[in-house]
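Below is one structure, written out as structure tokens, with a few remarks after it.
Residues take their numbers from the sequence shown, with the count starting at 1. For the numbers below, each heavy atom of this structure counts, side chains included, while hydrogens, waters and symmetry mates do not.
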Amino acid sequence: MPHPVVLMLGGVAVAAALTWLIPAGEYQRVADVATGRTIAVAGTYHTVASAPVGPFAAFMAVPRGIAAGIDVVLTIILLGGAWYLVDKLGTLGRAVNALASRFRKGSLLALPVLILFFAAMGAAENMQEEIVALIPALLILGSRLGVNAVTMVGASAGAAAVGAAFGPTNPFQAGLALKLAELPLLSGFGLRAGMWTVGVALWTMWTMRWATRHRGPIQNTGVDHAPLTARDGLLLACVLVPLAAYVYGALRLDWGYDHLSAGYVIGAIAAGLIGGLTLDKTIAMYIEGMQVLLPAGLIVGVARSISLVLQDGRIIDTILHGMVTPLTNVSATAAALLMVPLQALLHVPVASVSGQAVLSMPIMVPLSDLLSVSRQATVLAFQVGAGLCDLLTPTNGALMAVLLAAKVPYGEWLRFVVRGYLLMLVVGIGGILIVMM
């Protein structure tokens, strides 16, 4: 597959071409006094004068899209850079070592703790790429437990994907989608927390069942990292406290992404100094981490530009009208559930969940309004469709890197993950049905 940024730029080109082919049209939009949201009014679609977007205007949409989504772009870069810094200081590796030392050889009781840790990291910061560096230590831990590499990938990368998909505090999935849906950040927190709890519990049961049926020889091997120290506890606090403060601020003080980003700038600097780095080396390593996250941030900005091109060409409502018409004969609940496979299919070419949120929500949110589908259900459909697809789609570069590092063939991974994915799908659909009641 081409680089995701290349795919997004191709999407901009396709969107511009469509403005020359699709008739322009608009729905009447009004401000809903009760919710403060701007909604499209069903039955008011009408054609308007065409406004095709030329090649240069399409390129102009790229910097405009980045500017429009700059708060999200900066959050991805600044938050991800902080976690990168803590990872480079060895804290996450030593945490795995500490886990290994707490359980006797051959005991599977370490797996639920491991799954809980990675599911929490997925919910906190959409952990994916960081797991690649932990694979050697995880495989050593697996040899001590007597489980195969598939089990360890499931307990780490798999658990992180499940935690990220259902996590109520994940700023790159639930948080971003809620923002684009004009819903309060952390709205539906209780439901998502319940889905996260049930999902992680079922994923733990499935992973334990697989581990029990695929035991391997127990080896008396050590681990590559030094023991966890009090300093590591402080380093973890540097990246967890900003998230906790953001959760409180979003609930009580109307905080947004800028507050979250500022907290992680402070946390990153504190982590470097606590880790024994000079201020110059701290900033250098922080910038190094930002560079690693730059492509992910650009994907969000370029994805936003696709929506801008469709809006400039005045065809986004025409697309909505075409999607609404065949769905008017199904119930609102059925329409909400049909959004799940749509988001899943879209996630194959658009491997970035944050990029997909920016790409799809501007279309799916007004569509849900026209179909009388709860916006909360629309956000959940995005999380279930796109987020859970990170468990199995081959376009997920982080998953492929983890499988390569663990020497797990993709086909063997599918044997494990497909039934686990179906269990998670049941949890996700259940959440959507609860919202639609």
Does [X] use its side chain to pair, donor to acceptor, with the backbone of [Y] at less than 3.5 Å?
X: Arg192; Y: Ser187; answer: yes
X: Trp203; Y: Gly163; answer: no
X: Thr393; Y: Cys389; answer: no
X: Thr19; Y: Ala16; answer: yes
X: Ser368; Y: Ser374; answer: no
X: Arg375; Y: Val365; answer: no
X: Tyr286; Y: Leu78; answer: yes
X: Thr91; Y: Asp87; answer: no
X: Arg304; Y: Ala68; answer: yes
X: Thr151; Y: Val147; answer: no

Shortest non-hydrogen contact from [X] to [Y]?
X: Leu139; Y: Ala149; result: CD2-CB, 3.8 Å
X: Arg314; Y: Ala51; result: CD-CB, 3.9 Å
X: Ala165; Y: Gln173; result: CA-OE1, 3.5 Å
X: Val373; Y: Ala336; result: CG1-CB, 3.7 Å
X: Ala237; Y: Pro242; result: O-CD, 3.8 Å
X: Gly431; Y: Leu380; result: O-CD1, 3.7 Å

Pairwise side-chain contact, [X] with [Y], heavy-atom cut-off 4.5 Å (strictly under):
X: Met361; Y: Val379; value: yes
X: Ile115; Y: Thr207; value: yes
X: Leu433; Y: Leu337; value: yes
X: Tyr264; Y: Trp83; value: yes
X: Leu342; Y: Met364; value: yes
X: Val62; Y: Leu9; value: yes
X: Phe59; Y: Val12; value: no
X: Thr169; Y: Phe189; value: yes

What distance do [X] atom [atom1] and [Y] atom [atom2] have between them, rounded to the nearest 0.5 Å?
X: Thr282; Y: Leu277; atom1: OG1; atom2: CG; result: 4.5 Å
X: Ile274; Y: Ile269; atom1: CD1; atom2: CD1; result: 12.0 Å
X: Gln376; Y: Thr378; atom1: CD; atom2: OG1; result: 9.0 Å
X: Lys179; Y: Asp71; atom1: NZ; atom2: CG; result: 4.0 Å
X: Phe166; Y: Gln383; atom1: CZ; atom2: CD; result: 8.5 Å
X: Leu403; Y: Tyr410; atom1: CG; atom2: OH; result: 8.5 Å

> Does the pair Asp258 and Ser261 meet the rule for a side chain to side chain donor-acceptor pair (under 3.5 Å), with working shown?
Replying inline: CA-CA 5 Å; Asp258 290 344; Ser261 297; 5.4 Å; no

>> Would Leu298 and Val73 count as a side chain to side chain contact (heavy atoms under 4.5 Å, CB included) here? Give the steps.
In response: CA-CA 7 Å; Leu298 281 176; Val73 173; over 6 Å; no

> Does the pair Arg64 and Ser305 meet the rule for a side chain to side chain contact (heavy atoms under 4.5 Å, CB included), with working shown?
Replying inline: CA-CA 7 Å; Arg64 287 173 56 214; Ser305 67; over 6 Å; no

>> Using side chain to side chain contact (heavy atoms under 4.5 Å, CB included), reason through Ile287 and Ile283 one step at a time and then give a plain yes or no.
In response: CA-CA 6 Å; Ile287 292 175; Ile283 297 301; 3.7 Å; yes

>> Show, in sequence, the C-alpha distance, side-chain angles and deciding distance for Val408 and Met152, and conclude whether the side chain to side chain contact (heavy atoms under 4.5 Å, CB included) test is met.
In response: CA-CA 10 Å; Val408 173; Met152 298 311 293; over 6 Å; no

> Would Phe416 and Trp413 count as a close aromatic pair, with their ring centres under 6.0 Å?
Replying inline: yes

